[in-house]
Amino acid sequence: MRIFTKPTDVLPLKSYSKNNCFSFLSLAIIGFALFFLYSCIQNVPGSTNNASSEKASAMSDKKASAVAQEGSESSTNSVGKKTGSGEDNSGKDVALQAAADHEALFAESKFPSAATCGTCHPKHYREWSVSSHSYAQLSPVYLSLSSEINELSSGSNGDFCLRCHSPIGANLGESPFMSNLDRHPTSREGITCVVCHRLNKDYNKRSGRLALEQGGLLEPVYGPMGNEEMARVLDNTDEYRVVTEEGKPGRKIHREVKKFASISQPVFCGTCHDVTLFNGFRLEEAFSEYRTSPAAARGTTCQDCHMGKEQGVASGYDVGPAAMVGGKPTKDRKVTSHFFAGPDYSVIHPGIFPHNAEAQEMASMREWLEFDHKAGWGTDEFEDKVTEDMKFPVRWDSVDDRYDAREILNKQFEHLAYARKLRLEVLRNGYHLGEVVTEQSNEEGIHFKVKVSNLTDGHNVPTGFTGERLVWLHVTVTDRDGKVVLESGDLDPNGDVRDRESTFVHNGELPLDGQLFDLRSRFVVSNLRGGERERIIPIPYPLITIPFVRPSVQSLVLSGEPGTERNHRRGIEPSGYRWAKYRVDDDALTGKGPYKAKIELKAGMAPANLVGAIQGRGFDYAMSAREVVDGVAAGYEILWEKEVSFKANN
């Protein structure tokens, strides 16, 4: 059985007459369609070059050896290194590196890095550095999904995804197909500091495309409090030891903090957390859900629940200094959390995430990818067994460097554990496994139902990209000897639940889970002859032209969705609940009661079938589909669990 073999859609065809197989008219229509398609492709300017460029920039697994080679040529080691062609090539390397350094300095002067901000805002930087916001652009799943959507839509989706996942990259004009290894460092920080604190306009539900105020560290930033405390600091430069002039030695600081009240309002979050495609397809509606919620009616904001003391509930805010300037704290004020807990988690090398200035100083991203932390590099257990003939990448040839790298990674693992704790906090504050009601328990079978509730009153659960969010019940019923008489919500060998998108179910190797309780939405597209079908990636197929994501030609005021595709939601409304119903028929009972049911409410970042659907694009950092899906499945969490007994003795 191949891992992640894409299912081939097979539709039952009925042949009522041999004469109906192919008529002359059908052949003529097909020929015309093929000719029209060929003409479209030939008339797209640069279509051949664009296609080859996009395919070349897709991160395939075949790049593993290339990544290793590029690591030895990274910026920290390439300057001044002679190549086999002698002094001329060495000089070219220096010139290229100088140009790259100049470009990086230019971008930093427009969009300062979060690491720069972290000098005076260590608390905020630490929280942000392991957040979903800081992972938004680094995610290999997102990057390959964006590439796959563009492939399926003939490139017409453009940078639609990039402009929310990396507003800096969009402002710099970076290609959505570019590997994160080649992006500007501030661009791959995703939703970094200046993305929010250099906005000065309300964009409402814009789906990204934000015009950020450009400027270096000295230029004004925008915040909810205004300039009062900043003015006090600048009036006491001897105490805080800061400068606000270019070229003057000392710790540089913003000249001004301009008040932007909207940064504390839900409409600010709605800029990216309501996503509507050009054709009217509503991919994400977290902000729209909030606007009609009880939380909005009483004035509770997104920030109250997601930037307070506790993730996922309105719990008030910490009080303390917003900055440490020159080692001295500023005045106490309301301090918000910048972790923004959500269902996402990292599947990439711990040397490159969480963001860590110490790790960035020690090695480049390519060099960190060469560091085999799973083999135990930098631990006594491994290093004591190293022999003289063992080879290491140039950057990690020194045992001291490997030990230093291990110390950094140990801190990274602690930081990831901190992130997992807060992720569980927000999920457990959103979902509740309620009562279990036994409706029948006798020799004729066992019938019972389980209540699953949305504990929040601010939006649905799951929310956001609901077609990607796995939330399901895993239920196992056993007799007194431990024999399983019912199991629902178990995973196939790929890590999927046994629904219609499971490759093993599609191929007939495992039965469909008919009693599955799953809150993940399904994307549905229209068929050419009417009816609908589920698709993992919802790109409709036009009859006479190549696929495009184009504006709808009809008003969507009444339908709210385009006629070609829709998001079939299965989530739970604010403060709502659902009942999951289960039954064990009499022929499945063993006669060895009492029976016991173990019920687990589980959550995960994404289904394995999504990884399978996009694996043709390859994955960044030269990761294989197996590596990605194993990382995704490793993050599946049990939110709540219960056990109940049934007295049926049959």
Side-chain angles (χ1 to χ4, degrees), residues 104-129 131 133-134 167-168 171 184-186 189 191-203 210-265 268 303 307-308 316-340 355-358 360-361:
L105 181 63
F106 178 69
E108 170 72 13
S109 68
K110 296 168 65 177
F111 305 109
S113 166
T116 302
C117 305
T119 302
C120 291
H121 301 280
K123 176 183 181 295
H124 298 85
Y125 178 78
R126 175 173 171 78
E127 292 166 345
W128 167 87
S129 67
S131 69
H133 276 177
S134 69
I168 303 297
N171 274 262
H184 186 271
T186 309
E189 289 178 353
I191 319 304
T192 189
C193 307
V194 294
V195 169
C196 294
H197 292 281
R198 282 279 172 82
L199 276 180
N200 62 354
K201 294 181 178 65
D202 290 326
Y203 289 96
L210 310 176
L212 304 179
E213 290 291 299
Q214 299 182 11
L217 178 63
L218 298 178
E219 299 305 314
V221 294
Y222 297 83
M225 299 292 189
N227 199 51
E228 181 179 350
E229 178 63 6
M230 177 60 72
R232 188 188 70 82
V233 170
L234 294 181
D235 286 340
N236 294 275
T237 54
D238 291 339
E239 178 184 356
Y240 288 99
R241 291 177 293 176
V242 295
V243 297
T244 57
E245 299 175 27
E246 290 284 2
K248 190 173 182 180
R251 181 176 289 100
K252 292 182 174 57
I253 194 173
H254 320 296
R255 296 190 182 104
E256 183 183 5
V257 177
K258 295 186 177 182
K259 186 170 183 177
F260 184 50
S262 293
I263 201 171
S264 297
Q265 297 301 315
F268 188 83
Q303 292 85 344
M307 297 185 73
Y317 297 91
D318 288 325
V319 175
M324 296 291 293
V325 184
K328 294 183 178 294
T330 55
K331 285 185 177 180
D332 285 355
R333 48 161 277 188
K334 180 179 84 172
V335 177
T336 54
S337 168
H338 282 60
F339 179 74
F340 307 102
H355 296 272
N356 184 326
E358 188 180 0
Q360 293 165 5
E361 290 174 2

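Worth knowing before you read on, the calculation uses all heavy atoms, side chains too, and leaves out hydrogens, waters and symmetry mates. Heads up: numbering here begins at 1 and tracks the sequence.
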Check: Do the side chain of Asn227 and the main chain of Lys258 share a donor and acceptor less than 3.5 angstrom apart?
Finding: no
Check: Going by heavy atoms in the side chains, are His254 and Leu217 under 4.5 Å from each other?
Finding: yes
Checklist line | Verdict with supporting geometry, Gln360 and His355, side chain to side chain contact (heavy atoms under 4.5 Å, CB included) | finding: CA-CA 8 Å; Gln360 293 165 5; His355 296 272; 4.1 Å; yes
Notebook entry, point to check: Does the side chain of Thr186 come within less than 4.5 Å of Pro112's, by heavy atoms?
Noted result: no
Notebook entry, point to check: Is a side-chain N or O of Asn171 found less than 3.5 angstrom from the main chain of Leu210, in a donor-acceptor match?
Noted result: yes
Item checked: Verdict with supporting geometry, Phe340 and His338, side chain to side chain contact (heavy atoms under 4.5 Å, CB included) -> CA-CA 6 Å; Phe340 307 102; His338 282 60; 4.0 Å; yes
Margin query: To the nearest 0.5 Å, what is the distance between CD on Glu246 and NZ on Lys252?
Written below: 6.5 Å
Notebook entry, point to check: Which atoms form the tightest heavy-atom contact between Tyr125 and Ala357, and what is the distance?
Noted result: OH-N, 3.8 Å
Check: Is any side-chain heavy atom of Tyr222 closer than 4.5 Å to a side-chain heavy atom of Ile263?
Finding: no
Item checked: Stepwise side chain to side chain contact (heavy atoms under 4.5 Å, CB included) test for Leu199 and Phe268 -> CA-CA 10 Å; Leu199 276 180; Phe268 188 83; 3.8 Å; yes
Please output the side-chain donor-acceptor pairs of residues 233-241 that fall under 3.5 Å, not counting sequence neighbours, one pair per line with the distance.
{"unit_1": "Asn236", "atom_1": "ND2", "unit_2": "Arg232", "atom_2": "O", "d": "2.7"}
{"unit_1": "Tyr240", "atom_1": "OH", "unit_2": "Arg232", "atom_2": "NH2", "d": "2.7"}
{"unit_1": "Arg241", "atom_1": "NH2", "unit_2": "Gly326", "atom_2": "O", "d": "3.0"}

Check: Out of curiosity, Thr336 OG1 to Met307 CE, how far, rounded to the nearest 0.5 Å?
Finding: 3.5 Å
Item checked: Flag side-chain contact, heavy atom, 4.5 Å: Glu189 against Ser113 -> yes
Checklist line | Pairing residues for Asp202 by the side chain to side chain donor-acceptor pair (under 3.5 Å) criterion, not counting sequence neighbours | finding: Ser262
Notebook entry, point to check: Nearest heavy-atom pair of Gly215 and Arg198: which atoms, and what distance?
Noted result: O-NH1, 2.7 Å
Next item on the list: Determine yes or no for a side-chain-to-main-chain donor-acceptor pair under 3.5 angstrom, with Gln303 supplying the side chain and Gln265 the backbone.
Entry: yes
Next item on the list: Can you see which heavy atom on Ala322 is nearest to which on Arg333, and at what distance?
Entry: CB-CD, 3.6 Å
Notebook entry, point to check: Does the side chain of Pro321 reach to within under 4.5 Å of the side chain of Asp332, using non-hydrogen atoms?
Noted result: yes
Notebook entry, point to check: What is the ring orientation for His124 with His121, classed by angle as parallel under 30°, tilted 30 to 60°, or perpendicular over 60°?
Noted result: perpendicular
Next item on the list: Please round to the nearest 0.5 Å and tell me the distance separating atom OG1 of Thr119 and atom CZ of Arg251.
Entry: 7.5 Å
Item checked: Distance (rounded to the nearest 0.5 Å) between Thr192 OG1 and His133 NE2 -> 11.0 Å
Checklist line | Shortest non-hydrogen separation from Val335 to Val319 and the atoms involved | finding: CG2-C, 4.3 Å
Checklist line | Closest non-hydrogen atom pair, Thr244 against Ile253 | finding: CG2-CG2, 3.7 Å
Check: If you look at every heavy atom in Gly226 and Lys259, which pair is closest and at what distance?
Finding: CA-CB, 3.8 Å
Notebook entry, point to check: side chain to side chain contact (heavy atoms under 4.5 Å, CB included) between Phe111 and Val195: does it pass, once the steps are laid out?
Noted result: CA-CA 9 Å; Phe111 305 109; Val195 169; over 6 Å; no
